[in-house]
Amino acid sequence: MGTKTVIEMHNIVKKFYIGQPNELQILNEISLTVKEGEFVAIVGQSGSGKSTLMNIIGALDKPTSGEYLLEGLNISQAKDGELSKIRNEKIGFVFQTFNLIPRTSALKNVELPMLYAGVPRGERTRRAKELLKMVGMEERMHHQPNELSGGQKQRVAIARAMANNPSIILADEPTGALDSATGRLVMDLFHTLHREQGKTIVLITHSPELASETQRIVTISDGRIIKEENKEEQKEAPQTNQKGKQAVETAEKKVG
């Protein structure tokens with residue numbers, strides 16, 4: 001794990017309907033740092049503020065107050081054009097609902113972020129094929145999302161998240177819509193990206209079992225961080241732990 005800090009948040013507050021009688025404060029002074037190459041889980045119940053936090057980490061939304069630095073760049077003050085460039089090149093998003101473009105092949109879906117980044121066509125196709133191979137989807141590269149199973153869609157989504165070689169992968173409930181065996185496959189992919197490519201991964205989940213596979217667990221409740229557990233000493237990748245694996249599968253059966 002590097003010592004470089006990629007995510008640095010100080011006293012992040014997020015309010016909606018500001019100045020109105022129904023003003024809502026979703027995030028209450030959240031301070032969080034994530035180092036390069038860390039695998040962190042953000043855990044919380046529905047309504048705890050974790051999705052709002054993810055939107056701010058992913059530069060999809062700005063905090064009401066507080067400071068957020070992404071690789072040293074102050075996101076709170078960045079212009080919209082800068083933000084879309086950051087989202088496209090520095091962050092790879094993986095959503096519970098896959099968010100693939102319909103009626104477009106897996107290959108073209110993976111190429112899309114590179115198209116926006118101005119990568120030449122030949123290079124885009126070459127890299128997209130390489131990424132689909134990495135996630136075990138090279139056989140299905142010409143299939144459209146409606147011809148793929150949930151797990152296959154999620155693998156294509158992970159390949160797409162990696163398209164511009166982002167420094168951070170943000171995964172929001174990535175196994176939420178999958179059965180346990182498929183969820184296991186997706187989690188193993190994240191472990192591989194983390195272990196072999198040193199990717200910084202932030203996993204948003206409500207499953208304590210999935211969170212237990214990561215190096216650090218940040219628990220959020222009512223818009224505050226209420227607990228942080230650093231599990232760095234447990235270096236062993238969790239899929240070697242049969243008991244843990246069964247726990248994850250049981251949890252995912254409940255979720256799925």
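For the numbers below, each heavy atom of this structure counts, side chains included, while hydrogens, waters and symmetry mates do not.
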Q: Can you measure from CG (Asn146) to CG (Leu148) and round to the nearest 0.5 angstrom?
A: 8.0 Å

Q) Excluding sequence neighbours, so at least two apart, what forms side chain to side chain donor-acceptor pair (under 3.5 Å) with Asn99? A) Thr97

Q) How long is the gap from CG on Leu193 to CD1 on Ile158, to the nearest 0.5 Å? A) 7.0 Å

(Q) I'd like to know if Val40 and Leu32 are part of one continuous hydrophobic network [Ile/Leu/Val/Met/Phe/Trp/Tyr, side-chain heavy atoms within less than 4.5 Å]. (A) yes

Q: Kindly state each residue pair satisfying ring pair (Phe, Tyr, Trp, His ring centres under 6.0 Å) with at least one member in residues 88-131, sequence neighbours excluded.
A: Phe93-Phe95

(Q) Under the rule for side-chain contact (heavy atoms from CB on, under 4.5 Å), what residues qualify as partners of Asn11, not counting sequence neighbours? (A) Glu29, Ser31

Q | Non-neighbouring partners of Glu147 that pass side chain to side chain donor-acceptor pair (under 3.5 Å), sequence neighbours left out | A | none

Q) Closest heavy-atom contact between Gly49 and Ile26? A) CA-CG2, 4.0 Å

Q.
Any non-hydrogen side-chain atom of Met187 less than 4.5 Å from a side-chain atom of Leu203?
A. yes

Q.
Distance check, rounded to the nearest 0.5 Å: Met162 atom CE versus Lys199 atom NZ?
A. 4.5 Å

Q. Rounded to the nearest 0.5 Å, how far apart are CG of Leu60 and OG1 of Thr52?
A. 11.5 Å

Q: Give the intermediate values and the outcome of side chain to side chain contact (heavy atoms under 4.5 Å, CB included) for residues Thr33 and Met9.
A: CA-CA 6 Å; Thr33 42; Met9 296 185 137; over 6 Å; no

Q) Testing Thr214, Asp172, Leu170, Ile204 for side-chain contact (heavy atoms from CB on, under 4.5 Å) with Ile42, which one passes? A) Ile204

Q: Determine, stepwise, if the pair Glu229 / Gln215 fulfils side chain to side chain contact (heavy atoms under 4.5 Å, CB included).
A: CA-CA 8 Å; Glu229 298 162 79; Gln215 294 170 314; over 6 Å; no

Q. Under 4.0 Å between a Lys/Arg side-chain N and an Asp/Glu carboxylate O for Lys4 and Glu36?
A. yes

Q. Val34, Ile201: one ILVMFWY side-chain cluster at the under-4.5 Å cut-off?
A. no

Q) Going by heavy atoms in the side chains, are Arg155 and Leu189 under 4.5 Å from each other? A) yes

Q. By the rule that ILVMFWY residues connect when side-chain heavy atoms come within less than 4.5 angstrom, directly or transitively, which residues belong alongside Ile217?
A. Val43

(Q) Set out, in order, the CA-CA distance, both residues' side-chain angles and the distance that settles side chain to side chain contact (heavy atoms under 4.5 Å, CB included) for Ile169 and His194, then state yes or no. (A) CA-CA 10 Å; Ile169 294 178; His194 175 244; over 6 Å; no

Q: Search all heavy atoms of Arg184 against all heavy atoms of Glu213 and return the closest pair with its distance.
A: NH1-OE2, 2.8 Å

Q: Could you point out which residue of Val13, Ile225, Ile56 forms a side-chain contact (heavy atoms from CB on, under 4.5 Å) with Leu27?
A: Ile56

Q.
Is the ring pair Phe39/His191 parallel, tilted or perpendicular, if the boundaries are 30 and 60 degrees?
A. tilted

Q: Check the pair Asn164 / Asn88 against side chain to side chain contact (heavy atoms under 4.5 Å, CB included), numbers first and verdict last.
A: CA-CA 7 Å; Asn164 288 323; Asn88 187 37; 3.3 Å; yes

Q: Please answer: with hydrophobic residues joined when any side-chain heavy atoms are less than 4.5 Å apart, are Met134 and Leu132 in the same cluster?
A: yes

Q) Within the side chain of Arg160, is there an N or O that forms a donor-acceptor pair under 3.5 Å with the backbone of Asn109? A) no

Q: Please name the pair of heavy atoms, one in Ile91 and one in Ile57, separated by the smallest distance, quoted to 0.1 Å.
A: CD1-O, 3.7 Å

Q | Contacts of Asn22 that satisfy side-chain contact (heavy atoms from CB on, under 4.5 Å) - sequence neighbours left out | A | Tyr17, Gln20

**Q.** Test item: Asn74 and Tyr68 side chains (from C-beta on) under 4.5 Å apart, heavy atoms
**A.** no

Q) Cluster question for you: counting only ILVMFWY and a side-chain heavy-atom cut-off of under 4.5 Å, with indirect links fine, are Leu53 and Ile226 together? A) no

Q: Quick one: which residue pairs count as a salt bridge (charged side-chain N to carboxylate O under 4.0 Å, His left out) with a foot in residues 74-88, not counting sequence neighbours?
A: Lys85-Glu89

Q | Those residues that, when tested against Ser167, pass side chain to side chain donor-acceptor pair (under 3.5 Å) (two or more places apart) | A | Glu71

Q) At what distance, to the nearest 0.5 angstrom, does CG of Leu83 lie from CD of Gln77? A) 11.5 Å

Q. Who are the side chain to side chain donor-acceptor pair (under 3.5 Å) partners of Ser221, not counting sequence neighbours?
A. none

Q) What's the shortest heavy-atom distance between Ala161 and Pro166, and which atoms? A) O-CG, 3.2 Å

Can you list, pair by pair, the side-chain donor-acceptor contacts under 3.5 Å of residues 100-108, counting residues two or more places apart and other chains?
from	atom 1	to	atom 2	distance (Å)
Thr104	OG1	Pro102	O	2.9
Ser105	OG	Lys108	N	3.1

**Q.** Residue pair Gln45, His206: steps toward the side-chain hydrogen bond (donor to acceptor under 3.5 Å, both in side chains) verdict
**A.** CA-CA 6 Å; Gln45 292 305 317; His206 64 272; over 6 Å; no

Q: Could you grab the distance from atom CD1 of Ile30 to atom CG of Asn28, nearest 0.5 Å is fine?
A: 7.5 Å

Q) Should the pair Lys129-Glu138 be classified as a salt bridge under the 4.0 Å nitrogen-to-oxygen rule? A) no

Q) What pair of heavy atoms forms the shortest contact from Pro174 to Val94, and how long is it? A) CB-CG1, 4.1 Å

Q: Of all the heavy-atom pairs spanning Met114 and Ala128, show the shortest one and how long it is.
A: CE-N, 3.9 Å

Q) What residues form a salt bridge (charged side-chain N to carboxylate O under 4.0 Å, His left out) with Arg126, not counting sequence neighbours? A) Glu123, Glu130

Q: Could you list all the salt bridge (charged side-chain N to carboxylate O under 4.0 Å, His left out) pairs where at least one residue sits in residues 14-27, not counting sequence neighbours?
A: Lys14-Asp61, Lys15-Glu23

Q: Group every Ile, Leu, Val, Met, Phe, Trp and Tyr by side-chain heavy-atom contacts under 4.5 Å, then state whether Val202 and Phe190 land in the same group.
A: no

Q) How about Thr182 and Asp179: does a side-chain donor come under 3.5 Å of a side-chain acceptor? A) yes

Q. Is the backbone N or O of Glu8 less than 3.5 Å from a side-chain atom of Thr5, with the two atoms forming a donor-acceptor pair by type?
A. no

